Structure formats: structure tokens, C-alpha cells
Amino acid sequence: MGQREKVEEWASETVFLEPADMEKPTKQHPMCVGKALTRHGIQNYTGISAVGKFRFKVSFQTIQDARKLTEINLTDENLKCYLPVILKQTVGFARDIPRSYSEEEIKENLVADVEIIKVERVRKMEQNGKLRETGNVKITFKGKELPDKVELYGLLVQLELYLFPIRQCSNCWAFGHRAEKCWRSAKCRECGEHHTEGTCTQKTCINCGGEHAPTDEECPEREKQIQINRAMQQERLTYREARERWHKQHQNQFELLSNADEFPAINQAPTKRNASGTQYRTIRQTSGRASIRVPTTAPKSMSYAEKVKEIPRQFEENPHKTSMLEKTISEIKQFWRNLNLVRKLMKLQSAIYVDVAGQAASDINYEGMLIRISTTLNQIIDEFTEDLEEYATNTSKEPEEPTIVIDG
């Protein structure tokens, strides 16, 4: 490819830039890249974003505008155009190919509507440490799409998208890169501290904080990386783009239920009537006996004293007392309110992770990070303060005197 990708190979509205020489000072911010492009007369881009350490994506409205950038020599800015492998090549996975066919034979006799770059037989590691050939084959095609039809000796070959294994560094044990491209200091595989020798009995995963090694197959971070890797392959995204999309999707999963104000109000239950039309009200006895129903209209022939003797001393139930249903609704609201606070903390954690992931200590914007943390904590404190004030108001009210129910 040389200093730039060939113009005829560029068929996208997006151009990727990386340092031409890693030994020289490099651009570390999209705004610095925009300044460099402006000096070279490129101003019609629609956006610039970081897609990796010292790597940037420049978006244009048309392919023609993108190609103009590839025609410019940016070595004086220590930049060059590159096309990610994920956009240049696509790997298909074919099953049940006879093991007697060599890789060269398969490549020479495959018929497809796109260029075939290479063919690799999938091999499996046996328990004795030896590799055994399988009937599965990886076929690498030029371009970012699998061909519609592939034939071998006149027979149709069923293809599926090949998903590469996730990448994990054996130097710092983080995901997303290999040890040969790691810029971090070495860490212990067992405890995650900055040492490589010694026997550590306490295991701590540096990726999820769990009590297991970072290579544990059950690590939740590994499952997350598998989903990110699948999105990279299926949607042709860079690692950073797929990771940020994963965080956005999992932060908003409770968005529709986070607003407690959307719960419907509890209406007052209607007054019950019996078949004769007489109204009844339920009176709860303080002695713990079952509730009784007393007609609201007593016989006119009874005197006031007889009424008092006839009806045991009962207290009218407070009409403002919280019912079991209302109490349940209140508890549900409090649950979602607490969940909303947790969601804010998770969103803060994810944002900080995105800011510091892959960054050297000198490149991290600590001031902006502290402002983000302070803002989120102030929001949480304000919500707790409102709850405390509401609780204090409710508990400071004087209890009402009980009223004797005398129907007449």
C-alpha cells in the first residue's frame, strides 16, 4: 500500500488515519487531526472520532470527498491513511470439506463472484498436544461482504461468517489487544498487581474484579468481549466502536421503567351497596376480631343510649391510611428510584472506563473526570435529600384522634 491506500480501493465515505512513524510525536485528539487537515485544505468532513490509540476515523458525505483525502501526503503531519482489515477482508467459514483436499487445491477450484485471498484448513489441538486437521475451512475474501454464492467442483458451498476468537493480552491481561502491541506495564496473572514473579494465593480478575484469574472461561467480562467481537464481525465496526455501542445498549435497558412518575394514581374505592340498596361501611375492630359491616342507617325507634349499647366501641378507620396496594406501589416506586441511582453510577463507571481505556496516565483528563464524578454525585445527593425531606414531613404530622363511629 505504501504511504497511502490505493485510491481505486477506497470505496467508502470514511477514511482512517494513523501515525506514519510511531517514533515521532503523534496526534492524540480529534481536534488536532482536524487542524492538520485544515492546513492541507480538507474541511468538508462531517466528523472526526478516535477509534483506537492514535487512530482516527474521518467521515465525509461522499466517496469522492473521502478519496481526495487519500490523495494527499500527510507525512509532514505524521499521519497516513489506512483501511482496517475488517473493512478490507471478510472471512467465511465452510464445513464438511474433504480432508484430502489441500488448501491450494481448494483455492484453485473455488468459484466465487469476489476475489479469494487465501484458504486455511481449521486444525484442532488434541490432548496430546498435536494438531489434527478438521473438515472445516476458513476462506478469506476481498471486501467487507461475503459472496452470495461459492462453488467447489460444481457444488454449492454453504458459508457463514467466521467469528475470530477474542483477543486477550498476556502482558496486562486486558482484552482487545495482543501482548506484542501492549503499551502497559506487566501485571500478575493471578492477583493483577504490577509484578510477574512469585506465587499469589489470592486470585483477582483485573477485568471484572471477581475472585478468579482473568483467563477464567466463566468471567463476565469475557462474555461481554464475545458480544463485542460478534458485533465487530457482523456490523464491520472497529473495536472501540463496538465497545461503545455495547455500553450504550446495556446502560439503557431499564430506561422505559426508570421514571416513577409514570405509575398510575390509585383511585378511591366506590361505596358498596347490598341488594336492598342499603349502604355499608367496613369497620376494623381494634381487638383483632374479623371486620363487621354496620348499616349506615339505624332504626329510628332506637334512642341514642341504645345505639351506644348496641354497637361496641369501634374506631373509624382513618380514610387517609395507606392501603396495602398503595404501600406496594410506594415500595415499587422506591425500588425503581434506587435502580435509577444505580443506573447513574453504572453510566458514570462506563464513561470513566471509556475515557481511560487504552490511555497512558499522562493522557488522561483528570480534571474532566473529577467534574463528571462530582456532577453525578450531586444529582444522587439531591435525590436522597428530597426523599429525606419527604420522610421528615410525613413523620412530623400529629396523629389524628380516633373517632367513635355512631351511625344515626
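Keep in mind that what you see is a predicted model, and the values were worked out from it rather than measured.
- In plain terms, the two heavy atoms of Cys81 and Leu17 that are nearest each other are SG-CD2, 3.7 Å.
- Panel note: side chain Asn109, backbone Leu152; no donor-acceptor pair is recorded below 3.5 Å.
- How far OH of Tyr82 is from CZ of Arg55: 4.5 Å, rounded to the nearest 0.5 Å.
- Considering only residues two or more places apart in sequence or on other chains, Lys149 meets the salt bridge (charged side-chain N to carboxylate O under 4.0 Å, His left out) condition with Glu151.
- Side chain of His29 to main chain of Met31: a donor-acceptor pair is present (N/O by atom type, distance under 3.5 Å, no hydrogens or angles).
- For the residue pair Cys172 and Cys169, the shortest heavy atom distance occurs at N-SG, 3.4 Å.
- Checked against salt bridge (charged side-chain N to carboxylate O under 4.0 Å, His left out), Glu223 has no partners two or more places apart in sequence or in another chain.
- With hydrogens and angles ignored, the 3.5 Å screen pairs a side-chain donor or acceptor of Arg222 with a backbone N or O of Asp216.
- Judged as a salt bridge (charged side-chain N to carboxylate O under 4.0 Å, His left out), the pairs with a partner in residues 31-48 (not counting sequence neighbours) are, in order, Arg39-Glu77.
- Legend: residues meeting side chain to side chain donor-acceptor pair (under 3.5 Å) with Glu160, ordered by chain and number and at least two apart, are Arg95.
- A pairwise comparison of heavy atoms in Ala242 and Met232 identifies CB-CG, 3.5 Å as the closest pair.
- The heavy-atom pair separating Pro147 from Asp113 by the smallest distance is CB-OD1, 3.1 Å.
- In this structure, the separation between CD on Gln89 and OG1 on Thr140 is 6.0 Å, given to the nearest 0.5 Å.
- Under the side chain to side chain donor-acceptor pair (under 3.5 Å) criterion, Arg121 pairs with no residue, sequence neighbours left out.
- Contacts of Lys118 classified as salt bridge (charged side-chain N to carboxylate O under 4.0 Å, His left out), with partners at least two apart in sequence or in another chain: Glu120.
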Self-check item: Test log, rule side-chain contact (heavy atoms from CB on, under 4.5 Å), inputs Arg243 and Ile228
Solution: CA-CA 6 Å; Arg243 184 185 64 189; Ile228 292 175; 3.9 Å; yes
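- Here the side chains of Gln249 and Gln227 are not in contact, with every heavy-atom distance at 4.5 Å or above.
- Applying the side chain to side chain donor-acceptor pair (under 3.5 Å) rule to Gln158 yields no partners; only residues at least two apart in sequence or on another chain are considered.
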Acceptor/donor pairs from residues 58-65 side chains to any protein atom, 3.5 angstrom cut, sequence neighbours excluded:
residue	atom	partner	partner atom	Å
Thr62	OG1	Asp65	N	3.2
Thr62	OG1	Asp65	OD2	3.0
Asp65	OD1	Asn44	ND2	3.2
Asp65	OD2	Asn44	ND2	3.4

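- Counting only residues at least two apart or on different chains, the ring-ring contact (aromatic ring centres under 6.0 Å, His included) pairs with a member in residues 98-147 are Tyr101-Tyr153.
- Shown here are the salt bridge (charged side-chain N to carboxylate O under 4.0 Å, His left out) partners of Glu193, two or more places apart in sequence or in another chain: there are none.
- A salt bridge links Glu221 with Lys224; the closest basic N to acidic carboxylate O contact falls under 4.0 Å.
- Distance CG/Asn171 to NZ/Lys187: 10.0 Å, rounded to 0.5 Å.
- The two residues Ser100 and Glu105 have their closest heavy-atom pair at O-OE1, 4.3 Å.
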Quiz item: Given the rule in the side-chain contact (heavy atoms from CB on, under 4.5 Å) test, do Asn229 and Gln233 qualify, once you have shown the distances and angles that lead to the verdict?
Solution: CA-CA 6 Å; Asn229 183 59; Gln233 302 296 324; 4.1 Å; yes
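- A heavy-atom distance below 4.5 Å is found between the side chains of Ile48 and Leu37.
- Partners of Lys57 under the side chain to side chain donor-acceptor pair (under 3.5 Å) rule, at least two apart in sequence or in another chain, are Glu241.
- Across all their heavy atoms, Lys27 and Phe54 have their closest contact at O-CD2, 3.7 Å.
- Within a 6.0 Å radius of CD in Glu126, more than 12 heavy atoms belonging to other residues, nucleotides or ligands are found.
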Quiz item: Are Cys200 and His195 close enough, and set up right, to give a side-chain contact (heavy atoms from CB on, under 4.5 Å), and what steps lead you there?
Solution: CA-CA 10 Å; Cys200 300; His195 66 86; 3.3 Å; yes
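- If you take CD on Glu190 and OG1 on Thr215, they are separated by 7.5 Å, rounding to the nearest 0.5 Å.
- One N or O on the side chain of Thr134 and one on the backbone of Val122 form a donor-acceptor pair closer than 3.5 Å.
- Side-chain contact between Glu211 and Lys203: absent, with no pair of heavy atoms (C-beta onward) separated by less than 4.5 Å.
- Within 6.0 Å of atom NZ in Lys138, more than 12 heavy atoms from other residues, nucleotides or ligands are found, so the atom counts as buried in its surroundings.
- Checked by atom type and distance alone, the side chain of Asn207 pairs as donor or acceptor with a backbone atom of Trp173 at under 3.5 Å.
- Heavy-atom neighbours of Glu180 CD from other residues, nucleotides or ligands within 6.0 Å: above the threshold of 12.
- Between His212 and Cys205, some side-chain heavy-atom pair lies under the 4.5 Å cut-off.
- In this structure, CG in Leu74 is found 12.0 Å from CD in Glu18, a value given to the nearest 0.5 Å.
- Within the structure, no pair that satisfies the salt bridge (charged side-chain N to carboxylate O under 4.0 Å, His left out) test touches residues 161-175, not counting sequence neighbours.
- Distance check: Met125 CE to Asn128 CG gives 9.0 Å after rounding to the nearest 0.5 Å.
- Side-chain atoms of Phe175 and Ile226, non-hydrogen and from C-beta on, never get closer than 4.5 Å to each other.
- Atom CG of Asp76 has more than 12 heavy atoms from other residues, nucleotides or ligands within 6.0 Å.
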